[in-house]
Amino acid sequence: MNFSKKGLWAILSAILVMSIACKTDPDSILGNGMHDDSLLEAKYDTAFRIEAFSVSDDSLILQNGSDVLLGATYSPVFGGATYNLVVQLLTQRTTDTAYHAGDLGPDFRVDSVVLNLPYPGFYPKHKRMDGRSMTFSLYEVTEDLVDGVGADSAYSSNYQVKYNPVALSGPITVYPKPYDTVTDTVDGVATTVIPDLRVRLDNSFGTKLLNCVQSMSATEQEDISSLPKYFKGLYLKVDPCNSENESIAFLVSNLYAEGAMITVYFDGDENGTSYQDFILGPMRFTQVIRDRSRSMDPLYKNQMENPGDTADGGQRLYIEGSGGSRVRFRIPDFPTEIDGDKVVINQAVLVLKNVDKGKESDIGYPAQLQGFLYYGKAMESDLPDASNPGGYYDEDAGEYRLNVTRYYQKLVYLTTLDTANRTNFLGYVDVAPISEDRYEEPTRVVLYGPRAEKNYMRLEVIYTVINDSVN
């Protein structure tokens, strides 16, 4: 009997349902009687040899996200990290906030300078962070901030922007209080919001910005994007912290609009006090400085210092968001252990167990992990399973279950039917937090490696072997 491909896949889909859902007779196969059921053999396997280790994620491109991360964290495992802001400043000219000709005279005097930062997200996500402080200084960027594309972009997490080492303002210590709320009226509706972080800066910095405005031509003053010609950008550099109890970080959002801005209040000629807003954006990125030498975990340090060290990865694996670290793994014997040109991978799930299951994380564990193929800096591609990746953290089980079914089905196909393209596909798979977490959150997790004594990393595979006589 000959089957079309569509008919064969319909039968295999039914087999998958039966292999998972059937409880009365696990050996029965839907469609029995249509063909000899001895031609189909369902199997389950977890005994695969896995090579795995952690690598730095410093090639991660972090430019122009809707949110940028700001703060400092410390972990005995991951060491120290500061999340710094590099951003352009633009003049804001609207009917409500514009300065007018004559206001900014040659004898202006700066009254005050205020930095305003809204923060919708923050870490740690508990009230123990109340009372924690963050110290930072502001510096003038001395290189043009020019948007790049893909691998050509300079704005990766470990890129050190060039800046004048003489601070424009600071050091400044602030005490963010994201659990405080205020009631504001928006369009006649009372709304409870978290108040923005407002910081007084040095008046000399405000004088410098207004001098730049005075240097512009009348045409340039009408163009909000002219300021970077005179003031290339601002580097907000955070001081490191020394313990987990001092860790604090938050997101700064809505940069290219009213919200995140610097306001300079000044006295003009004869019109009294005026003000000028400088909005933060559009070019911006989080520049991450990591001090892994402060880690007290030798397995972590060895993997970060010796990329490709599968020995240490066998016991522990490490994942950090925001350009920290990711897991790289492969199953080199998979094509030979799952053999044959008529093999259907019904389900393949990568299982990763949290070493700290049941413990409250100060910063937080990644909510979801994803798999991708890595080819070089800023050159990645999703696995075929990207539309249904799974990978959600199960707090009760303390594990991630990442769907890699279609990837391994593709690998079997390339091994048996398309060997010419196999080398382009048979390599390492990387695992990291999903894009949102990977770019904008400092979450982290320690996982058991594939050679741990218990709770080890494993691949669970359900597959069906179809004998050659079935066409």
Side-chain angles (χ1 to χ4, degrees), residues 56-73 79-91 113 115 117 119 134-172 174 199 201-202 204-206 208-209 212 224-241 249-256 260-262 278-292 320-324 377-378 438-442:
S56 174
D57 206 17
D58 282 344
S59 62
L60 179 65
I61 302 300
L62 294 173
Q63 67 185 41
N64 300 345
S66 58
D67 297 324
V68 291
L69 194 62
L70 189 66
T73 63
T82 58
Y83 306 92
N84 310 288
L85 171 60
V86 180
V87 63
Q88 284 180 327
L89 294 181
L90 306 182
T91 54
V113 185
L115 169 65
L117 296 176
Y119 49 111
M134 182 178 70
T135 300
F136 63 89
S137 299
L138 275 66
Y139 299 89
E140 180 180 0
V141 172
T142 57
E143 65 176 85
D144 291 328
L145 299 179
V146 180
D147 200 354
V149 179
D152 295 329
S153 175
Y155 306 132
S156 57
S157 63
N158 64 343
Y159 177 74
Q160 177 60 68
V161 68
K162 297 180 179 64
Y163 66 96
N164 188 329
V166 179
L168 294 167
S169 191
I172 302 164
V174 296
V199 184
L201 306 178
D202 290 354
S204 58
F205 175 40
K208 183 178 184 68
L209 291 179
C212 290
I224 66 171
S225 63
S226 295
L227 184 62
K229 300 176 184 177
Y230 299 86
F231 186 87
K232 297 182 184 301
L234 191 64
Y235 180 32
L236 200 160
K237 185 178 182 182
V238 181
D239 288 355
C241 66
F250 57 87
L251 297 175
V252 179
S253 69
N254 200 25
L255 291 176
Y256 192 29
M261 66 176 66
I262 293 172
F278 297 86
I279 56 177
L280 277 62
M283 290 298 304
R284 67 260 183 179
F285 68 98
T286 298
Q287 188 254 328
V288 186
I289 298 177
R290 298 187 182 276
D291 186 357
R292 289 172 169 142
E320 304 166 85
S322 293
K377 181 178 178 180
R438 191 179 173 208
Y439 281 66
E440 299 172 355
E441 297 193 2

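This structure is a prediction, so every number in the text was calculated from the model and none was measured.
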State, to 0.1 Å, how close [X] and [Y] come at their nearest heavy-atom pair, and which atoms those are.
X: Leu280; Y: Met261; answer: CD1-CA, 3.4 Å
X: Gln287; Y: Ile289; answer: NE2-CG1, 3.2 Å
X: Ala72; Y: Tyr83; answer: N-CD1, 4.5 Å
X: Leu69; Y: Ser322; answer: CD2-OG, 3.6 Å
X: Gly170; Y: Ser137; answer: C-OG, 3.9 Å
X: Leu85; Y: Arg284; answer: CD1-CB, 4.4 Å

Taking it one step at a time, do Thr91 and Ser226 satisfy side-chain contact (heavy atoms from CB on, under 4.5 Å)?
-> CA-CA 8 Å; Thr91 54; Ser226 295; over 6 Å; no
Counterpart residues, ring-ring contact (aromatic ring centres under 6.0 Å, His included), relative to Tyr163 (two or more places apart) |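 Tyr163: ring-ring contact (aromatic ring centres under 6.0 Å, His included) contacts with Tyr139, Tyr235.
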Are the side chains of [X] and [Y] in touch, meaning some heavy atoms are under 4.5 Å apart?
X: Cys241; Y: Thr82; result: no
X: Met134; Y: Val238; result: yes
X: Ile262; Y: Phe205; result: yes
X: Val199; Y: Leu117; result: no

Working to the nearest 0.5 Å, report the span between [atom1] of [X] and [atom2] of [Y].
X: Thr286; Y: Asn84; atom1: OG1; atom2: CG; result: 8.5 Å
X: Ile279; Y: Leu89; atom1: CD1; atom2: CG; result: 9.0 Å
X: Ile172; Y: Asp239; atom1: CD1; atom2: CG; result: 10.5 Å
X: Thr142; Y: Phe231; atom1: OG1; atom2: CZ; result: 10.5 Å
X: Phe278; Y: Leu234; atom1: CZ; atom2: CG; result: 11.5 Å

Pair Phe285-Val68, side-chain contact (heavy atoms from CB on, under 4.5 Å): steps then yes or no = CA-CA 6 Å; Phe285 68 98; Val68 291; 5.9 Å; no
Return yes if some donor-acceptor pair links the side-chain N/O of Glu143 with the main-chain N/O of Lys162 below 3.5 Å, else return no.
->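 Pair found, side chain donor or acceptor close to backbone of Lys162.
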Listed by chain and number, what are the side-chain contact (heavy atoms from CB on, under 4.5 Å) partners of Ser204, not counting sequence neighbours?
->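 With neighbours one apart ignored, the set is Asp202.
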Residues Ser56, Arg292; criterion side-chain contact (heavy atoms from CB on, under 4.5 Å); working and verdict = CA-CA 11 Å; Ser56 174; Arg292 289 172 169 142; 3.5 Å; yes
Would you please test Lys232 and Leu145 for side-chain contact (heavy atoms from CB on, under 4.5 Å) and show each step?
-> CA-CA 7 Å; Lys232 297 182 184 301; Leu145 299 179; 5.8 Å; no
